[in-house]
Amino acid sequence: PPPASARGAEAYGGYPGGAHPQPPPGVSGSRPAPTTHARGGTSHDGDANGRSLAEATFKSRASKALTAQLKRELAVLQTTAAAEAERLLGVQAELARRREALEAGLREMRAERARWEGRVGTLRAATVQSEEWLAERARRTNGGAGAATDATDATKTGSEAVSRKERCDAAFAEEDDVSRQLLRAVAKDAALEDAMDALDEGLDKGVLKLPEWLRATRKLSKEQFMARAETLVVRKTQTQRGVSGGVTFRSA
């Protein structure tokens, strides 16, 4: 039978027959020569060598397993990081596009604001000029009609409307016959529009019957059509004469 030391090596992980396998890579294969007892048998150094070889094999396999696991985990992390990087790059591109759109909209709004500020300035200047012109007209009209107003206090009820109309006509005195014709055509158009609005209100309230409303509306519509046609013709004439506003008034 094999010696006790050989049986111990087999039980721990040695190979039968006392053969020793090749050590794994990285493990030295040199073995110290077995010593013998005084009686000629192998010593306990064989047990130590078997244990060291088994430990080296376990360490090598464990190292390989851990290395493979780490590589798999690193590959998963790399894939996840690459996907996240792609997503962040997409978000960055979208944010850049939105920033450009916002900046373009901001520039457009600033330009629109500048245009409106220019228009407001123009309207303010025109308002001041109109107020000065109206004040001058009012001073001239009140100065000429003051004595007549004091003298006709007894008949104020009948003449008040006429004096207001005269003051209004005096305030807006046309420069020529074409301007006067255009102003009267526009006033007639507006008056006819008001009359048709009153007819609509009367029909809604039941004051007018439908046949009466139709006859009156047709008549007023024809007159309004003629007034608007006259307005278009006179405006065209004024445009050819170089009058952009259509009506010219006499200066104060």
Side-chain angles (χ1 to χ4, degrees), residues 111-205 207-208 210-252:
E112 186 69 18
R113 176 183 176 182
R115 288 194 295 269
W116 279 109
E117 287 178 351
R119 293 177 183 176
V120 169
T122 303
L123 289 175
R124 286 178 179 174
T127 302
V128 172
Q129 186 178 1
S130 299
E131 289 177 352
E132 293 177 354
W133 182 80
L134 288 174
E136 180 65 23
R137 286 286 181 177
R139 285 194 299 269
R140 293 181 60 183
T141 302
N142 293 332
T149 303
D150 295 336
T152 57
D153 289 338
T155 59
K156 186 176 181 181
T157 305
S159 62
E160 185 175 2
V162 177
S163 62
R164 287 180 180 177
K165 183 177 183 301
E166 290 177 353
R167 288 198 298 269
C168 182
D169 292 339
F172 297 94
E174 303 86 356
E175 187 177 7
D176 51 14
D177 294 337
V178 180
S179 298
R180 185 178 300 106
Q181 181 183 2
L182 178 59
L183 191 61
R184 290 179 179 177
V186 173
K188 184 178 181 180
D189 182 14
L192 290 171
E193 187 69 26
D194 293 339
M196 285 189 287
D197 290 340
L199 289 176
D200 294 339
E201 186 177 357
L203 180 64
D204 294 336
K205 293 181 178 180
V207 178
L208 293 176
L210 182 60
E212 298 175 354
W213 177 83
L214 288 174
R215 285 194 298 270
T217 303
R218 288 173 182 171
K219 182 179 179 181
L220 294 179
S221 297
K222 291 179 181 179
E223 294 182 6
Q224 188 181 35
F225 175 78
M226 297 302 296
R228 290 184 177 181
E230 183 180 3
T231 301
L232 292 176
V233 173
V234 178
R235 282 186 183 277
K236 184 177 180 181
T237 303
Q238 290 288 74
T239 303
Q240 292 175 355
R241 294 174 57 191
V243 180
S244 59
V247 180
T248 56
F249 298 96
R250 289 197 299 268
S251 60

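All residue numbers refer to positions in the sequence shown, counting from 1.
Shown are Asp200, Asp204, Val207; of these, the side chain to side chain contact (heavy atoms under 4.5 Å, CB included) with Trp213 is made only by Asp200.
Using a 4.0 Å cut-off between a side-chain N of Lys or Arg and a carboxylate O of Asp or Glu, Lys188 and Glu193 do not qualify as a salt bridge.
In this structure, Arg113 fails the cation-pi test against Trp116, since its NZ or CZ atom is not both closer than 6.0 Å to the six-membered ring centre and inside 45 degrees of the ring normal.
Heavy-atom minimum distance, Leu203 versus Leu208: CD1-O, 3.6 Å. The minimum heavy-atom distance linking Ala216 with Leu199 is given by the pair CB-CD1, 3.6 Å. For Asp189 against Ala227, the heavy-atom pair with the smallest separation is N-CB, 4.2 Å.
Rounding to the nearest 0.5 angstrom, the gap separating the NZ atom in Lys219 from the CG atom in Leu192 is 10.5 Å. A distance of 10.0 Å separates CD of Gln129 from OG1 of Thr127, quoted to the nearest 0.5 Å. Here Leu134 contributes atom CG and Arg139 contributes atom CZ; the two are 10.5 Å apart, rounded to the nearest 0.5 Å. Separating the CG atom in Leu182 from the CG atom in Leu232 is a distance of 10.0 Å, to the nearest 0.5 Å. Atoms OG1 and CD, on Thr231 and Gln181 in that order, are 9.0 Å from each other to the nearest 0.5 Å. In this structure, CZ in Arg119 is found 7.0 Å from CZ in Arg115, a value given to the nearest 0.5 Å.
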(message) Assess the residue pair Val186 and Arg235 against the criterion (side-chain contact (heavy atoms from CB on, under 4.5 Å)); give the C-alpha distance rounded to whole Å, side-chain angles, the decisive distance to 0.1 Å, and a yes or no.
(response) CA-CA 11 Å; Val186 173; Arg235 282 186 183 277; 4.3 Å; yes
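The shortest side-chain heavy-atom distance between Val234 and Glu230 falls under the 4.5 Å cut-off. Residues Gln224 and Arg228 are in side-chain contact: their nearest non-hydrogen atoms beyond the backbone lie under 4.5 Å apart.
Other residues, nucleotides and ligands contribute more than 12 heavy atoms inside 6.0 Å of the CD atom of Glu112. At most 12 non-hydrogen atoms from other residues, nucleotides or ligands lie less than 6.0 angstrom from CZ of Arg218.
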